[in-house]
Amino acid sequence: MTALPSVATDRISEFVDRVARDLGGGTVSMDPVRRERLSVDWAHMSPILQELLPAGLADVVVTPRSADEIAVVVAHAYDLEVPVTARGTGLGNYGQAIPLAGGVLVDVSECRRILVVGDDEVTAEAGVRMRDLEDATRRHGRELLMFPSTKGSTLGGFLAGGSGGTGSLRF
């Protein structure tokens, strides 16, 4: 995992301006400590990946509050050709939350609404933790048919990481 060249500063500045205008300045962070902390996951647990770290650093962190706001962030990133790395809790250990090409790191941890718990389906935002999703389904007399090994994982991270939880081969 070698970091790719970073994004041009003028594109990042334009991206930050657009997102702050559309979603409010509180959703955008250029803080170097926050950028560094959120630009890693648990890849250091792997003896193979550990040698290649650190692998990348986000130019900016955006924390949308809903799925609709995620769409706004991604649209601006696409328009300005700013790379996007999505991140939940960062519990994955394969490097999938590391922004190799800089750009925007989209922290979905505030997008945690559970919208529908039906008989055979659940609709929820990417930042909901799996333990909260399981609790919600149980309140409706249901349960998830698969579950990650880390209950603190977010739904988005679980799905983005390959959905390799218990039961996933069958369901």
Side-chain angles (χ1 to χ4, degrees), residues 1-46 48-115 123-133 148 150-163:
M1 276 193 287
T2 304
L4 301 171
S6 193
V7 181
T9 306
D10 59 332
R11 284 192 286 154
I12 293 296
S13 295
E14 177 67 17
F15 172 82
V16 168
D17 290 345
R18 288 183 185 190
V19 172
R21 177 196 68 219
D22 290 349
L23 304 183
T27 61
V28 180
S29 177
M30 300 287 289
D31 176 58
V33 173
R34 182 167 163 77
R35 289 172 37 229
E36 187 173 326
R37 182 174 56 84
L38 294 180
S39 291
V40 297
D41 62 11
W42 283 84
H44 66 274
M45 299 277 293
S46 163
I48 296 168
L49 296 177
Q50 185 178 43
E51 296 175 13
L52 303 171
L53 299 174
L57 178 65
D59 294 297
V60 58
V61 174
V62 177
T63 308
R65 297 165 296 236
S66 69
D68 290 338
E69 289 190 0
I70 292 172
V72 170
V73 172
V74 172
H76 287 308
Y78 177 81
D79 186 46
L80 294 166
E81 298 182 351
V82 173
V84 174
T85 302
R87 176 198 170 83
T89 55
L91 295 175
N93 56 5
Y94 301 106
Q96 64 259 45
I98 297 174
L100 296 177
V104 59
L105 189 142
V106 181
D107 173 8
V108 300
S109 64
E110 294 297 316
C111 301
R112 50 187 153 195
R113 292 183 306 155
I114 299 170
L115 305 169
T123 304
E125 292 181 330
V128 68
R129 292 183 187 259
M130 294 302 288
R131 69 173 157 252
D132 296 332
L133 196 56
T150 55
K151 293 181 181 185
S153 296
T154 60
L155 175 61
F158 174 62
L159 296 174
S163 307

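We number each residue from 1, following the sequence as shown.
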Interatomic spacing from CG in Asp31 to CG in Leu38 - rounded to 0.5 Å: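 Reported value, rounded in 0.5 Å steps: 9.5 Å.
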
Run the numbers on Leu155 and Met130 for side chain to side chain contact (heavy atoms under 4.5 Å, CB included), then give the verdict. CA-CA 6 Å; Leu155 175 61; Met130 294 302 288; 4.0 Å; yes

For residues [X] and [Y], report the shortest heavy-atom separation together with the two atoms involved.
| X | Y | answer |
| --- | --- | --- |
| Thr154 | Gly127 | CG2-O, 3.5 Å |
| Gly24 | Thr27 | O-OG1, 2.8 Å |
| Leu133 | Val128 | N-CG2, 4.4 Å |
| Pro64 | Ile70 | CG-CG1, 3.5 Å |
| Cys111 | Ala67 | SG-N, 4.3 Å |
| Ile12 | Val82 | CD1-CG1, 4.0 Å |

Can you find a pair of side-chain heavy atoms, one from [X] and one from [Y], that are under 4.5 Å apart?
| X | Y | result |
| --- | --- | --- |
| Glu69 | Val62 | no |
| Arg35 | Leu105 | no |
| Asp22 | His76 | yes |
| Phe15 | Asp79 | no |
| Val19 | Val72 | no |
| Thr63 | Arg34 | yes |

Given side chain to side chain contact (heavy atoms under 4.5 Å, CB included), test Asp132 with Arg112 step by step and report yes or no. CA-CA 9 Å; Asp132 296 332; Arg112 50 187 153 195; over 6 Å; no

Distance-only, no hydrogens or angles: does the Glu125 side chain make a donor-acceptor pair with backbone N or O of Ser66 under 3.5 Å? no

Treating Ser39 as the side-chain partner and Ala58 as the backbone partner, does any N or O pair qualify as donor plus acceptor under 3.5 Å?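 The answer is yes, because a donor-acceptor pair under 3.5 Å joins these two groups.
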
Side chain to side chain donor-acceptor pair (under 3.5 Å) between Ser109 and Asp107: does it pass, once the steps are laid out? CA-CA 6 Å; Ser109 64; Asp107 173 8; 2.8 Å; yes

Carboxylate-amine/guanidinium contact Asp59 Arg11, below 4.0 Å: no

Are the charged groups of Glu110 and Arg65 less than 4.0 angstrom apart, N to O? no

